[in-house]
Amino acid sequence: MRALTYQGPRQVAYEQVPDPVPDHVDGAVVRITACGICGSDLHIYEGHGFSPDLGYCIGHEAVGEVVEVGSGVRNFSVGDRVLVSASTGCGSCGPCRRGWVLGCERGLSGCYGLSHALEGSQAEAVGVPFADGNLARIPASISDDAALVLTDNAPTAWFGARQARIRIGDVVAVVGCGPVGLMAIAAAQIMGASKVFAIDLVEERRQLAATLGAEPIGDDPVRQVRELTSGRGVDAVIEAVGADATITLALSIAAVAGRVSVIGVSHNQAFPFKLMTAQTKCLEFTAGLCSVQQELPTLLRLTEAGRLHPEQVVTHHLPLSEGAAAYELFHSRADGVGKVVLDPTR
Ligand SMILES: NC(=O)c1ccc[n+]([C@@H]2O[C@H](COP(=O)([O-])OP(=O)(O)OC[C@H]3O[C@@H](n4cnc5c(N)ncnc54)[C@H](O)[C@@H]3O)[C@@H](O)[C@H]2O)c1
Ligand SMILES: [Zn+2]
Ligand SMILES: [Zn+2]
């Protein structure tokens, strides 16, 4: 099959790779109809990957159709239209059954497209381990674009907003308005925020946030948030960048007894955390990766009900064969680019 492979910093190749096969009786193969590029793929693209491997299939967001199932798969059959959760677990231990795959007791928690260990899904097909726990059927009313955002970005945002314990009437700030941050704005609104400030360096990203009903903030966010909250700061901050500067910013703009929830991926093992500032303000600080399976049931219901519109963050559709250009575009944040969806049939 054809797939995008990671060849080193800023090098993504469209090339022939071996077809996936179910790795085990519990596995399945999904023929992909749409796949996405995540901000986490940009970390890899910039050379801050999660393994030293080269040549692996990259990508962890996919929707498609089941084309093969192992003999142990009970809940899915050939022909099912499914979304492939970005996070994986064994699906059968206690934490996995509750959707908490990050806490998989069998040590089988993972993600596609970070190394050769689990090949990625910017491809014509993907092998899915423990398919019963790692696939979800897509309701007919949910489009491929919406389902694609539900594989990772929307659940991560929802998880970030839950971790921020947003309460009715809260004033919230979202730092970083990529697809994850945009979905965090939507999550905060559904959870009852009275106001959401959207902070980003890129004007077009702030505009996308404004179309969702957020109040955009560009220059000098610390001063602007202070002015807009009469010096108080915000009740909750969702950080969706993962840079030292934006995590520090999130801690600065939180009000006394505020909550800071970091979902942006950081590679810094020595983040300069201003403990005394946090202590003086009685802050709650949380950071985490999303167990997609845990958030999906809620988000599928909200999407079916028309209260959440994950497809809103999709701005570009490109052929998988133009993957290198698609990476460049998403990385540049130019041309009003939000979520980029790739079509593996082209
Ligand atoms: N926790 C998880 O499970 C999980 C899952 C998916 C993605 N992520 C992470 O979420 C983050 C966002 O993903 P995305 O797809 O939205 O990526 P993205 O790169 O499109 O978005 C990042 C946004 O942050 C903005 N930004 C960068 N520096 C900034 C600064 N100093 N001040 C203000 N804004 C700044 C950029 O302009 C951009 O709009 C990434 O770090 C990604 O790795 C985490
Ligand atoms: Zn991701
Ligand atoms: Zn498990």
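Just follow the structure's listing: the first ligand is 1, and inside any ligand the first atom is 1.
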Check against ring pair (Phe, Tyr, Trp, His ring centres under 6.0 Å), F273 and F285: CA-CA 11 Å; F273 192 95; F285 181 86; 5.1 Å; yes

Test ring pair (Phe, Tyr, Trp, His ring centres under 6.0 Å) applied to Y6 and H116, step by step: CA-CA 10 Å; Y6 176 67; H116 280 299; over 10 Å; no

Test log, rule side chain to side chain contact (heavy atoms under 4.5 Å, CB included), inputs V66 and S77: CA-CA 7 Å; V66 176; S77 6; over 6 Å; no

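Only protein N, O or S atoms were considered, and those under 2.8 Å from the Zn ion (ligand 2) are C38 SG, H60 NE2, D152 OD2. For the Zn ion (ligand 3), the nearby protein N/O/S atoms, meaning those under 2.8 Å, are C90 SG, C93 SG, C96 SG, C104 SG.
Checking only distances, G242 never comes within under 3.5 Å of ligand 1, N or O to N or O. At under 3.5 Å, a nitrogen or oxygen of C290, whether backbone or side chain, sits near a nitrogen or oxygen of ligand 1. For a threshold of 3.5 Å applied to N or O pairs, the pair formed by V202 and ligand 1 contains no separation below that value. When only interatomic distances are considered, the shortest N/O to N/O separation between V265 and ligand 1 falls below 3.5 Å.
For S266, the closest heavy-atom approach to ligand 1 does not fall below 4.0 Å. The shell of residues lying under 4.0 angstrom from ligand 1, judged by heavy atoms, includes C38. The closest approach between any non-hydrogen atom of P179 and ligand 1 is below 4.0 Å. The shortest separation from a heavy atom of F159 to ligand 1 is not under 4.0 Å, leaving the residue out of contact.
With values rounded to the nearest 0.5 angstrom, R205 atom CZ is found 7.0 Å from L182 atom CG. Put simply, NE2 on H60 and OG1 on T151 are 7.0 Å apart, with the number rounded to the nearest 0.5 Å. Note that CG of N134 is 8.5 Å distant from CG of L118, once rounded to the nearest 0.5 Å. The OG1 atom of T298 sits 7.0 Å away from the CH2 atom of W158 when rounded to the nearest 0.5 Å. Between the NZ atom of K339 and the CG atom of D145 there is a distance of 10.5 Å, given to the nearest 0.5 Å.
Side chains of E46 and H43: no donor on one and acceptor on the other come within 3.5 Å. Side chain to side chain, S92 and R106 meet the donor-acceptor criterion of an N or O pair below 3.5 Å.
Among protein heavy atoms, atom 31 (N) of ligand 1 sits closest to T246 CG2, 3.5 Å. Scanning all protein heavy atoms for the shortest distance to atom 7 (C) of ligand 1 gives S40 OG, 3.4 Å. Atom 40 (C) of ligand 1 has H43 NE2, 3.6 Å as its closest protein atom, hydrogens excluded (heavy atom only). When hydrogens are left out, the protein atom nearest atom 24 (O) of ligand 1 is V241 CG2, 3.4 Å; that is the closest non-hydrogen contact. Among protein heavy atoms, the minimum distance from atom 4 (C) of ligand 1 is reached at T156 CG2, 3.3 Å. Closest protein heavy atom to atom 13 (O) of ligand 1: V180 CG2, 3.5 Å. In this structure, the protein non-hydrogen atom closest to atom 37 (O) of ligand 1 is D200 OD1, 2.6 Å. The protein heavy atom nearest to atom 15 (O) of ligand 1 is G39 N, 2.9 Å.
The only option from K195, R259, R232 that meets the salt bridge (Lys or Arg N to Asp or Glu O under 4.0 Å) definition with D170 turns out to be R259.
Using a 4.0 Å cut-off to heavy atoms of D152, the atoms of ligand 1 that qualify are 5 (C), 6 (C).
Around atom 18 (P) of ligand 1, the closest heavy atom drawn from R206, R205, M183, H48 belongs to R205. When the options L208, L249, I263, L42 are ranked by their closest heavy atom to atom 1 (N) of ligand 1, first place goes to I263.
M183 places none of its side-chain heavy atoms less than 4.5 Å from the side chain of T156.
Classified by interplanar angle (parallel below 30°, tilted 30° to 60°, perpendicular above 60°), the ring pair Y45/H331 is perpendicular.
Look at E304 and R301 and you find no salt bridge, because none of the NZ, NE, NH1 or NH2 atoms lies under 4.0 Å from a carboxylate O. Checked for salt-bridge contact, R2 and E124 miss the test: no charged N lies under 4.0 Å from a carboxylate O.
A donor-acceptor contact shorter than 3.5 Å is absent between the side chain of Q207 and the backbone of A210. A donor-acceptor pair under 3.5 Å links the side-chain atoms of T33 to the main chain of V63, judged by distance alone.
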